[in-house]
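For reference, the structure is listed below as structure tokens.
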Amino acid sequence: MSQSDGAPLKVGVLFSRTGVTAVVERTQLNAVHLAVDEINAAGGVLGRPVEIVEYDLESSPKVAEARARDLLETDGVRLIFGCYMSSTRKAALPVVEKYRGLLFYPTLYEGFEFSSNCIYSGAAPNQNIVPLARYLMREYGNEFYLVGSNYIYPYETNRIMRDFITAFGGKVHEERYIPLRPSEDELRTVVTDIARFPGSTIISTIVGDGTTGFYRECRRAGFDPATMPIGSLTTGEAEVAAMGAEAAEGHITSAPYFQTLDTVENARFRDAYQALHGAAAPISACTEAAYMQVHLFARAAEQAGSTEPGAIKRALPACPFKAPQGMVSVDAENNHTYLWPRIGRVDSSGRFAILEDSKAAVRPDPYLINPAEEDWSRRASHG
Ligand code: ACM
């Protein structure tokens, strides 16, 4: 073991323990800890225990840039797991590129990006935006109202959403943005505006704490989810737990993973996660992606016989992992991950009932070059 003599392998972990998106990022942090515990219990990576060096991103791009620099310049780390908000990924990535590190990014995002120093394990647009738009148009009609938080991810997601909706004969009445920390007034104003279009489907790209207020305000306004559902990519189990089942019931989310998924790997993952982090701890697609990408890394390092970022990256496509969502693997051409698109609806107990499932992992297409190839046609319907 020439490179290390069994010395700990330090990896960086960058999530927001505090800040507007902490509710979901804390679950990602927990998931990385669980995966690292599992890997260490099995002997580590190339005989080395994995040691986490962890900083709080505070949901802030400035902090993300500074903490990425700390990891790479001072802590001697080259492998980093982290980031939820696209604004923090975009702030950290140039630093990771400069120091030839590798960032494993476990969050759905807007696509249209490639860095040879980043592995993207959350959903690309063809794996969640397109399936959501298609499902909502089929089930709820052609009229939409888009509302998001005021930063890059919602803008870019809504650009794709609008293109898809209008290309297939739908209409977007309005596209509105609210602050990352919306006041009650700001939430009321946008919900009052939505009420001008009864029966429209709402697409929410609101993230973090604002999600709770928005869903509750829609409920208070009397919007019936049977005819005016909120469709989202960012409202997962953590956000639903924060707002409560009453506000969330009947609303729809598109994601590659739901806590309710019935797979052997998911039962094992759920049990292990909740044993470590609490029996009621919510687990979302972002949590699962944070977990499985650490296992992808460990498998690739073993296969490469190296912990060098370049060697790991080259080995990754040949190292699939049986994740809770299904078998996942990294695409050699675009560094994104084959995932299993699904559609879920929140039930009265705050759990996602899975309405549509894919029968195979879908190839990531971050630039939407081959929208016809995303193979959603092979979906299985759960009625
Ligand atoms: C996100 O900002 N990618 C959720």
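Note that ligands are numbered from 1 as they come in the structure, with each ligand's atoms numbered from 1 the same way. In what follows, residues are counted from 1 in the order of the sequence shown.
Residue Tyr105 approaches ligand 1 through these ligand atoms, each under 4.0 Å from one of its heavy atoms: 3 (N). The distance from ligand 1 to the heavy atoms of Tyr109 drops below 4.0 Å at these ligand atoms: 3 (N).
For the salt bridge (charged side-chain N to carboxylate O under 4.0 Å, His left out) condition, the pairs that include at least one residue of residues 259-281, sequence neighbours left out, are Glu38-Arg268, Glu265-Lys322.
With ring centers used as reference points, Tyr105 lies 6.0 Å or more from Phe81.
By the neighbour-count criterion of 12 heavy atoms within 6.0 Å, atom CZ of Arg159 is densely surrounded, having more than that number from other residues, nucleotides or ligands. More than 12 heavy atoms of other residues, nucleotides or ligands lie within 6.0 Å of CZ in Arg220, so this atom counts as buried by the packing criterion.
Note: no N/O pair closer than 3.5 Å links Arg89 and ligand 1 by distance alone. Looking at Leu108 next to ligand 1, an N or O pair under 3.5 Å apart turns up.
Looking from atom 2 (O) of ligand 1 to the surrounding protein, the closest heavy atom is Tyr151 OH, 2.6 Å.
Electrostatic pairing of Arg345 and Glu249 does not count as a salt bridge here, judged by no charged N lying under 4.0 Å from a carboxylate O.
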